[in-house]
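Bear in mind the structure is a predicted one, so any value in this text is a computation, not a measurement. Atom set for the values below is all heavy atoms of this structure, side chains included, hydrogens, waters and symmetry mates excluded.
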Amino acid sequence: ICASRNVIPDNSIMKTITVCMGSSCFSRGNQHVLAVLQAHLTAHPEIAATLELKGCRCGSCCSEGPNIWVDGVRHANIAAETVLAQLNVG
């Protein structure tokens with residue numbers, strides 16, 4: 001159901017972050033959340049080496065978006081300004 005964009009080789013993936021890019025989450029700001037995550041992983045290859053970043057069309061939780069999932073656990077109302085702290089990344 002989700003299209004994957006591998007950040008690192010499969011053999012070293014430890015966590016998966018899936019960002020909903022459905023129209024509701026996108027319009028609520030998930031495109032900015034994705035940009036923050038991508039920039040952080042680019043700037044910190046040691047963190048990128050432990051993550052797979054994926055996108056999906058719709059996670060069916062639109063009213064609580066923007067939504068992301070970390071290893072299958074949903075996080076709702078994510079904001080670009082606070083996503084790194086909310087996920088304790090870096």
Minimum heavy-atom distance between [X] and [Y], given as atom pair plus value:
X	Y	result
His40	Leu84	ND1-CD1, 3.6 Å
Ala76	Glu64	CB-O, 3.2 Å
Gly59	Cys20	N-SG, 3.5 Å
Leu41	Ile47	CD2-CG2, 3.8 Å
Cys56	Trp69	SG-CZ3, 4.2 Å
Pro66	Cys25	CA-SG, 3.6 Å

For the residue pair [X] and [Y], establish whether any side-chain heavy-atom pair is separated by less than 4.5 Å.
X	Y	result
Asn30	Met21	yes
Leu34	Leu53	yes
Leu51	Leu37	no

Rounded distance (nearest 0.5 Å) linking atom [atom1] of [X] with atom [atom2] of [Y]:
X	Y	atom1	atom2	answer
Thr18	Asp71	OG1	CG	8.5 Å
His75	Asn67	NE2	CG	10.5 Å
Cys61	Ile68	SG	CD1	12.5 Å
Ile78	Gln86	CD1	CD	4.0 Å

